[in-house]
Amino acid sequence: MHRLIRNALLAATAAFGFAAAVWADEAAQPASAPAGPPAGFVAPPEPQPGETNAQRTKTQPGNNAPFWRAVRESGPQPGISNLPGAEKGVLIQSFVQYPGSRLTNAGEAWREVRNQWLIPYGGALLLIVMLAIALFHWRKGPIGGHEAATGRVVERFTYFERAAHWTNAITFSVLAVSGIVMAFGKFFLLPVIGATLFGWLAYALKTAHNFAGPLFAVSLAVVFVTFVRDNLPRQGDLAWLLKGGGMLSGAEMPSHRFNAGEKVVFWGGVFLLGIIAVGSGLVMDKVLPGLEYLRGDMQIAHMIHATATLLMMALFLGHIYLGTVGTKGAFRGMRDGVVDESWAKEHHALWLADIKAGKIPAQLSRDPASVEAVVRS
């Protein structure tokens, strides 16, 4: 046992002595100079900011920044292209600054306005309006119904007026649904039905949107001409607006055939926003003659169109609510063309008074039998 321990100690001592001798020998030798480049090697020049792409491949292979810098700055300088039409030789648009965007190329500026302003704030506006309507209906319920039905009816709308209104309403609904899906569908619909079905649905609705747009424009013009006379401002409209029509107090303000709220929808939604939405939509449909339809034109038309249609939808949501479930008996007037005399007295007392005074005819249709048939049914 003692022999084994002694042999181990001797071996460790010898190993330590050998390592120390090697270390001392290396320390005594002078430090060697670092290895230099091979003979004949010439270092490439440092890359310079103003280099062309060909020069950059020599100074810094793999870095093609000059190429893409030239692409980005080629906006105002059209290149050579065999494709016919305007802007076919322009890859990147020149720098602009739209309201709400940075100073950048026009395509990026349009994207910033759409994604950072129109989509979030437009979607929030529609949700706030729908929530406000739901809260109002929950707390107040439908308006009217306090007068007992008399059985005597008054013609509210002629057949032509109803046909014009329903045509406009149906086309507007198609445009609104398709527009909402195209703008917001990827947030609430895509996760539910998947990319394939959503792609087909968006494509079908986009096609329907393009075809319904011109029909909506025509029906909007017909609606305006048909109802403009009864929507002219009259005495009492301002008082109606200041009191909100009495919707919150329960005592509805008297009005003529159309109250001041309906006139706001007519002039603000049908006329002003309607003209803006239709005009910008026809630009995007490329049906107006004499325009070049450049990318910048289409981007501006889209921003105007989206703003106008979002405001129009928010305004019409209230109109649709009050014309259907929000006011008792209102839907009958647009469906059948007649309302009970008690409904006219409760909601449009001045209109009913003019009828009884003979200032306006109680029978608007040229065919009285059509109204009598509705009354008998």
Could you state the interatomic distance from [atom1] ([X]) to [atom2] ([Y]), rounded to the nearest 0.5 Å?
| X | Y | atom1 | atom2 | value |
| --- | --- | --- | --- | --- |
| Asp297 | Lys286 | CG | NZ | 10.5 Å |
| Leu201 | Met182 | CG | CE | 10.5 Å |
| Leu352 | His347 | CG | NE2 | 12.0 Å |
| Arg257 | Phe227 | CZ | CZ | 6.0 Å |
| Leu311 | Leu125 | CG | CG | 6.5 Å |
| His348 | Asp354 | NE2 | CG | 13.0 Å |

Does some side-chain heavy atom of [Y] sit less than 4.5 Å from a side-chain heavy atom of [X]?
| X | Y | result |
| --- | --- | --- |
| Phe198 | Val192 | no |
| Val287 | Pro214 | no |
| Phe316 | Val129 | no |
| Ile119 | Phe187 | yes |

Exercise: identify the closest heavy-atom pair between [X] and [Y]:
| X | Y | answer |
| --- | --- | --- |
| Pro191 | Lys186 | CD-O, 3.6 Å |
| Glu346 | Gly144 | OE2-CA, 3.1 Å |
| Ala277 | Thr309 | CB-CG2, 3.8 Å |
| Pro120 | Asn115 | CD-O, 3.3 Å |
| Ala149 | Asp340 | CA-OD2, 3.6 Å |
| Val339 | Gly333 | CG1-CA, 3.8 Å |

### Query
Do we get Arg156 above Trp351's six-membered ring, with its NZ or CZ under 6.0 Å from the centre and within 45° of the axis?
yes
Give a yes or no on whether [X] and [Y] share a hydrophobic cluster (residues Ile, Leu, Val, Met, Phe, Trp, Tyr; joining criterion: side-chain heavy atoms under 4.5 Å apart).
| X | Y | value |
| --- | --- | --- |
| Trp117 | Ile180 | no |
| Ile276 | Tyr98 | yes |
| Met253 | Leu241 | yes |
| Val228 | Ile275 | yes |
| Trp343 | Leu322 | no |

Side-chain polar contacts of residues 165-176 - donor-acceptor pairs under 3.5 angstrom, sequence neighbours left out - could you list them?
unit_1, atom_1, unit_2, atom_2, d
Trp166, NE1, Met334, O, 3.1
Thr167, OG1, Ala163, O, 2.8
Asn168, ND2, Ser219, OG, 3.0
Thr171, OG1, Thr167, O, 2.9
Thr171, OG1, Asn168, O, 3.0
Ser173, OG, Ala169, O, 2.9

Is there a donor-acceptor pair closer than 3.5 Å between any side-chain N or O of [X] and the backbone N or O of [Y]?
| X | Y | answer |
| --- | --- | --- |
| Glu262 | Asn259 | yes |
| Arg114 | Met303 | no |
| Asp336 | Val338 | no |
| Asn105 | Ser94 | no |
| Glu161 | Thr158 | yes |

#### Entry: Phe188 atom CZ: more than 12 heavy-atom contacts under 6.0 Å
yes
### Query
Is the number of heavy atoms from other residues, nucleotides or ligands under 6.0 Å of Tyr293 OH greater than 12?
yes
### Query
Parallel, tilted or perpendicular: which describes the rings of Trp267 and Phe271, with under 30° parallel and over 60° perpendicular?
perpendicular
### Query
Parallel, tilted or perpendicular: which describes the rings of Trp200 and Tyr203, with under 30° parallel and over 60° perpendicular?
perpendicular
### Query
Under the side chain to side chain contact (heavy atoms under 4.5 Å, CB included) criterion, do Glu341 and Lys356 qualify, and how do the steps go?
CA-CA 11 Å; Glu341 188 177 293; Lys356 290 186 174 182; 3.4 Å; yes
### Message
Go through it in stages, so that I can follow the logic: the residues are His256 and Ile360, the test is side chain to side chain contact (heavy atoms under 4.5 Å, CB included), and I'd like the CA-CA distance, side-chain angles, deciding distance and then a yes or no.
### Response
CA-CA 11 Å; His256 294 275; Ile360 56 176; over 6 Å; no
### Query
Taking Trp110 as the fixed residue, which of His302, Gln93, Gln299 is the one that meets the side-chain hydrogen bond (donor to acceptor under 3.5 Å, both in side chains) rule?
His302
### Task
Quick one: do Leu131 and Leu127 satisfy side chain to side chain contact (heavy atoms under 4.5 Å, CB included)? Show the steps, please.
CA-CA 6 Å; Leu131 179 61; Leu127 290 176; over 6 Å; no
### Task
Before giving the answer on side chain to side chain contact (heavy atoms under 4.5 Å, CB included), spell out for Thr307 and Tyr121 the whole-Å C-alpha distance, their side-chain angles and the decisive distance to 0.1 Å.
CA-CA 10 Å; Thr307 303; Tyr121 290 103; over 6 Å; no
